[in-house]
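To keep things clear, I will list the structure first and then write my remarks on it.
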Amino acid sequence: MENVWLTSAVWLGLALLASIISIRVAMSVALVEIMVGAIAGNTIGLELTDWVNFLAGFGAILLTFLAGTEIDKSVIRKHFWSSMSIGVIGFLAPYAAVLAYARYGIGWTWPQAQIAGISLSTTSVAVVYAVMIETGFNKTEIGKIILAACFINDLGTVLALGVVFAKFDYWLALFGALTAAALWMLPRFAPWFFAKVGHRVSEPETKFISLVLLGLGGMATVAGSEAVLPAYLVGMALAPAFLADPELPHRMRIIAFTILTPFYFLKAGSLVDFTAVAAAAGLIVVFLAAKMASKFVGILPLTRAFRFEKREGMYTTLLMSTGLTFGTISALFGLTNRIIDQQQYTILVTAVIGSAVVPTLIAQRWFQPAFKPIEDAGAAALAVKKEG
């Protein structure tokens, strides 16, 4: 029988090792966890049990939700066209480039090429948000613009996957209706509920949010969608409440980054099979290069047009070139539904994981812009109330 305690000790030991390495080398812990997971998965082996998959999945959901709460309406209104344009082009450019290469360059079938294009069209909200929190850029205008553009980019990915492959039925309509109702009710009910229960050791606020996220995530799964999608929307709906109470997201980040997200990033790394990677290394590099090159061709000129500073433009383009959550979800969707085979899945997932590491590492090492915090949380909350 599986010894759950020893297994969990191994996973958390790897997470602690990744934290120590990230501190010593001044690199994002999310990237180090991915690399540690890849090494461990190919040496000692990491068993992906049901409980590991649950913790990793919940980590992705909670991290995506927290990223949504960072969307500041005042900043988005101020930079609407830049966020929207970067997000839309960030999806369309790699989708078209990778799809064309897969279909006409290496002869994959049209559905297989579509899976490739969708998988590599993403921007990783999980990685970008983790980096923003570690560096403090979630409190800057450039950080909030990037997070908003990430949302638009990944919304395009999810819609593409849904339009091309989803089954339009009763369950999908019910999921859409429930999500819309939740997004309408939460900004009204949640602040009242938070004020009533207050800050307690039992964390009723965190439990309430987790209930909403898991409930909508479950309905998304039944409808053939993904549990991560409603999490971002719920985060955006509750952003004003979180801006008014900075202690709440701080407590939730502690829960997420301590016990949940390490499982997510370590698991992502463990999916890389070094043997399969060596056999298809050239193709993986081409897919990764196609994604990054198309992102640069599409996004970098936009940062110039919207008068970003040079380093901010490069930083934005590099972070928009990342991919992880929706990329692996899309590739796994293709494998599960027998659209692509195991080898194609390995190629795509490795390229996706590579895009989580390579552009982020370059961005942090050489193109991190000057830190320019916007107004503090209290002033921001006051501004939101006045606007409301």
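- In this structure, the side chains of Leu283 and Tyr101 come closer than 4.5 Å at one or more pairs of heavy atoms.
- For the residue pair Lys295/Thr123, the side-chain donor-acceptor check at 3.5 Å is satisfied.
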Exercise for the section: Kindly determine whether Asp245 and His199 satisfy side-chain contact (heavy atoms from CB on, under 4.5 Å), including the steps that lead there. Expected result: CA-CA 10 Å; Asp245 183 9; His199 297 317; 3.0 Å; yes
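- A ring-ring contact (aromatic ring centres under 6.0 Å, His included) with Tyr315 is found for exactly one of Phe308, Phe137, Phe367, namely Phe137.
- Here Ile142 contributes atom CD1 and Phe371 contributes atom CZ; the two are 13.0 Å apart, rounded to the nearest 0.5 Å.
- Considering only heavy atoms from C-beta on, Met314 stays 4.5 Å or farther from Ile362 through its side chain.
- Side-chain rings of Phe54 and Phe263 stay apart, their centers remaining 6.0 Å or farther from each other.
- When the shell of 6.0 Å around CD of Gln343 is examined, it contains 12 or fewer heavy atoms from other residues, nucleotides or ligands.
- Side-chain contact between Met252 and Thr69 is absent, with no heavy-atom pair separated by less than 4.5 Å.
- To the nearest 0.5 Å, the span separating CG on Leu62 from CD1 on Ile209 amounts to 8.5 Å.
- Checked by atom type, the side-chain pair His79/Glu141 shows a donor-acceptor distance below 3.5 Å.
- Looking at every heavy atom in both residues, Ile152 comes nearest to Ser83 through CG1-O, 4.4 Å.
- Using a 4.5 Å heavy-atom cutoff, the side chains of Ile339 and Pro111 are in contact.
- The shortest non-hydrogen separation linking Val131 to Gln364 is CG1-NE2, 3.9 Å.
- Here the closest non-hydrogen pair linking Ile61 and Leu213 is CG2-CB, 4.0 Å.
- In this structure the side chain of Leu319 reaches within 4.5 angstrom of the side chain of Met132, judged on heavy atoms.
- Residue Leu186 comes nearest to Leu238 through the heavy atom pair O-CD2, 3.8 Å, listed as atom of the first residue, atom of the second, then distance.
- Once rounded to the nearest 0.5 Å, the distance linking OG of Ser321 with CG of Leu120 reads 11.5 Å.
- Thr350 places no side-chain N or O within donor-acceptor distance of the main-chain N or O of Val272, the cut-off being under 3.5 Å.
- Using a 4.5 Å heavy-atom threshold, the side chains of Trp192 and Arg188 count as separate.
- Under a 3.5 Å cut-off, the side chain of Lys207 and the backbone N or O of Ser202 do form a donor-acceptor pair.
- Nearest heavy-atom pair, Arg200 versus Pro204, reported as atom, atom and distance to 0.1 Å: CB-CD, 3.7 Å.
- Cluster annotation: Ile39 is not connected to Ile353 through the hydrophobic network of ILVMFWY side chains, with a link wherever side-chain heavy atoms come within less than 4.5 Å.
- Of all non-hydrogen atoms in Tyr345 and Ala331, the two that sit nearest each other are CD1-O, 3.5 Å.
- Between Phe257 and Leu63 there is a side-chain heavy-atom pair separated by less than 4.5 Å.
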Exercise for the section: Determine, stepwise, if the pair Phe333 / Ile118 fulfils side-chain contact (heavy atoms from CB on, under 4.5 Å). Expected result: CA-CA 11 Å; Phe333 175 88; Ile118 292 171; over 6 Å; no
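- Of the residues listed (Ile21, Ile20, Leu17), the one engaging Val32 in a side chain to side chain contact (heavy atoms under 4.5 Å, CB included) is Ile21, and it is the only one.
- Annotation: Arg304, atom CZ; neighbour count of heavy atoms from other residues, nucleotides and ligands within 6.0 Å is above 12.
- Checked by atom type and distance alone, the side chain of Lys291 never pairs as donor or acceptor with a backbone atom of Ala97 at under 3.5 Å.
- Residues Phe326 and Asn153 fail the side-chain proximity criterion, which asks for heavy atoms closer than 4.5 Å.
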Exercise for the section: Would you please test Trp11 and Leu14 for side-chain contact (heavy atoms from CB on, under 4.5 Å) and show each step? Expected result: CA-CA 5 Å; Trp11 281 84; Leu14 292 172; 5.6 Å; no
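- Side-chain N or O atoms of Lys144 include one that pairs as donor or acceptor with a backbone N or O of Asn138 at under 3.5 Å.
- Between the side chain of Ser8 and the backbone N or O of Trp5, at least one donor-acceptor pair lies under 3.5 Å.
- Within a 6.0 Å sphere centred on CH2 of Trp108, other residues, nucleotides and ligands contribute more than 12 heavy atoms.
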Exercise for the section: With side-chain contact (heavy atoms from CB on, under 4.5 Å) as the test, would you mind laying out the steps for Phe265 and Leu324 before giving the verdict? Expected result: CA-CA 9 Å; Phe265 290 118; Leu324 192 61; 3.7 Å; yes
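- One hydrophobic cluster holds both Leu260 and Val4 under the rule that ILVMFWY side chains link at heavy-atom gaps under 4.5 Å.
- In the hydrophobic clustering of this structure, Val349 groups with Val125; members are Ile, Leu, Val, Met, Phe, Trp, Tyr whose side-chain heavy atoms approach within less than 4.5 Å, directly or through other members.
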Exercise for the section: Kindly indicate, with the supporting measurements, whether the criterion side-chain hydrogen bond (donor to acceptor under 3.5 Å, both in side chains) is fulfilled by Ser121 and Thr157. Expected result: CA-CA 7 Å; Ser121 69; Thr157 298; 3.0 Å; yes
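- Linking ILVMFWY residues whenever their side-chain heavy atoms come closer than 4.5 Å, directly or via other members, places Val52 and Leu271 in the same cluster.
- Two rings, from Tyr232 and Tyr129, have their centers 6.0 Å or more apart.
- Under the 3.5 Å distance criterion, the side-chain polar atoms of Thr221 are matched with a main-chain donor or acceptor of Gly217.
- Of the possible donor and acceptor atoms, none in the side chain of Ser124 sits under 3.5 Å from a partner among the backbone N and O of Thr322.
- Linking Ile, Leu, Val, Met, Phe, Trp and Tyr residues whenever their side-chain heavy atoms come within less than 4.5 Å places Val98 and Leu159 in a single cluster.
- For the atom pair CE (Met236) and CG (Leu147), the distance works out to 10.5 Å, reported to the nearest 0.5 Å.
- Atoms CG and OG1, on Leu335 and Thr346 in that order, are 8.5 Å from each other to the nearest 0.5 Å.
- Annotation: the span from Met292 atom CE to Ser355 atom OG amounts to 8.5 Å, rounded to 0.5 Å.
- Counting only distance, with no hydrogens or angles, the side chain of Ser19 and the backbone of Ala15 share a donor-acceptor pair below 3.5 Å.
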